[in-house]
K.L.:
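I'd like to ask you about the structure that follows.
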Amino acid sequence: MFVSVVLDPGGVDTAQSLASVLAHYGFRKVQRACWESADIGVMQLSQLKREIDRVTNYYDTVRMYQYPMQGMFSITELRRKKWRRCLLKADDAENEAGANMSKENS
């Protein structure tokens, strides 16, 4: 699955720890606070979240954008030491309209 991780660390030590953890799991830095991996598995992702939880504190924020996650787009956020997840699924009517538009443009 594809995973993008955006970091907003509360301090330099946390930033270095997070960078080390992400590099260990095969992520590459694509922007100043954004890391990406296109080939991380579900079990590795679960372990990564535990590692991130271990090295962060109350003042750090981490957002993960995952696709596919149960066939949907997932946004997972660690804020104030609590994980929250939002799963987004495209509306079928919009998908059909998008498919029809792409056929018309061909």
Side-chain angles (χ1 to χ4, degrees):
M1 98 177 59
F2 172 80
V3 178
S4 178
V5 181
V6 178
L7 309 174
D8 185 11
V12 175
D13 293 338
T14 304
Q16 291 172 345
S17 296
L18 286 168
S20 176
V21 167
L22 290 169
H24 174 75
Y25 279 85
F27 282 76
R28 65 182 184 88
K29 189 174 185 176
V30 293
Q31 291 181 357
R32 187 176 59 119
C34 183
W35 295 69
E36 292 180 353
S37 174
D39 58 355
I40 189 166
V42 175
M43 294 301 291
Q44 282 183 310
L45 185 60
S46 178
Q47 292 171 344
L48 173 63
K49 287 178 182 177
R50 283 193 296 274
E51 284 290 314
I52 288 173
D53 198 45
R54 185 181 61 79
V55 300
T56 55
N57 61 40
Y58 182 84
Y59 302 103
D60 303 316
T61 301
V62 176
R63 286 178 66 101
M64 296 180 150
Y65 300 91
Q66 304 159 235
Y67 186 80
M69 181 69 168
Q70 301 169 352
M72 296 181 255
F73 179 72
S74 172
I75 302 171
T76 308
E77 181 178 49
L78 174 67
R79 179 184 296 261
R80 298 182 180 147
K81 290 300 279 184
K82 292 186 181 184
W83 287 100
R84 291 184 173 79
R85 180 187 304 171
C86 175
L87 292 172
L88 304 171
K89 181 179 178 182
D91 186 22
D92 289 338
E94 289 178 10
N95 285 341
E96 290 176 14
N100 291 336
M101 294 217 23
S102 64
K103 288 179 185 176
E104 291 172 4
N105 293 335
S106 298

K.L.:
Are the charged groups of Asp60 and Lys81 less than 4.0 angstrom apart, N to O?
P.N.:
no
K.L.:
Between Ser20 (side chain only) and Gln16 (backbone N and O only), is there a donor and an acceptor less than 3.5 Å apart?
P.N.:
no
K.L.:
Distance from Tyr59 atom OH to Thr14 atom OG1, nearest 0.5 Å?
P.N.:
11.5 Å
K.L.:
Between atom CG of Asp39 and atom CE of Met1, what is the distance when rounded to the nearest 0.5 Å?
P.N.:
11.0 Å
K.L.:
Can you tell me how far apart CD1 (Ile52) and CG (Leu7) are? Round to the nearest 0.5 Å.
P.N.:
7.5 Å
K.L.:
If hydrophobic clusters are built from ILVMFWY residues whose side chains come within less than 4.5 Å, do Leu78 and Ile75 share one?
P.N.:
no
K.L.:
When clusters are formed by joining ILVMFWY residues with side-chain heavy atoms under 4.5 Å apart, either directly or through shared neighbours, do Trp35 and Tyr67 land in the same one?
P.N.:
no
K.L.:
Can you label the angle between the Phe73 ring and the Tyr65 ring as parallel, tilted or perpendicular, going by 30° and 60°?
P.N.:
parallel
K.L.:
Does the side chain of Met64 come within less than 4.5 Å of Lys49's, by heavy atoms?
P.N.:
yes
K.L.:
Can you name the closest pair of heavy atoms from Met72 and Leu88 and give their distance?
P.N.:
CB-O, 3.2 Å
K.L.:
State, with a plain yes or no, whether a side-chain heavy atom of Arg85 is found less than 4.5 Å away from one of Thr76.
P.N.:
yes
K.L.:
Check whether Val30 and Leu48 end up in the same hydrophobic cluster, where Ile, Leu, Val, Met, Phe, Trp and Tyr are linked by side-chain heavy atoms less than 4.5 Å apart.
P.N.:
no
K.L.:
Which heavy-atom pair separates Tyr25 from Gln47 by the least distance, and what is that distance?
P.N.:
OH-CB, 3.5 Å
K.L.:
When you group the ILVMFWY residues by side-chain heavy-atom contacts below 4.5 Å and let the links chain together, are Trp83 and Val42 in the same group?
P.N.:
yes
K.L.:
Could you measure the distance from the CZ atom of Arg50 to the CG atom of Leu45? Nearest 0.5 Å is fine.
P.N.:
10.0 Å
K.L.:
Measuring from atom CZ of Arg28 to atom CG of Leu22, what distance do you get when rounded to the nearest 0.5 angstrom?
P.N.:
13.0 Å
K.L.:
Minimum heavy-atom separation for Val3 to Phe27, with atom names?
P.N.:
O-CE2, 3.6 Å
K.L.:
If you measure from CG on Asp8 to CZ on Arg79, what distance do you get to the nearest 0.5 Å?
P.N.:
8.0 Å
K.L.:
Is the CZ atom of Phe2 crowded by more than 12 outside heavy atoms at less than 6.0 Å?
P.N.:
yes
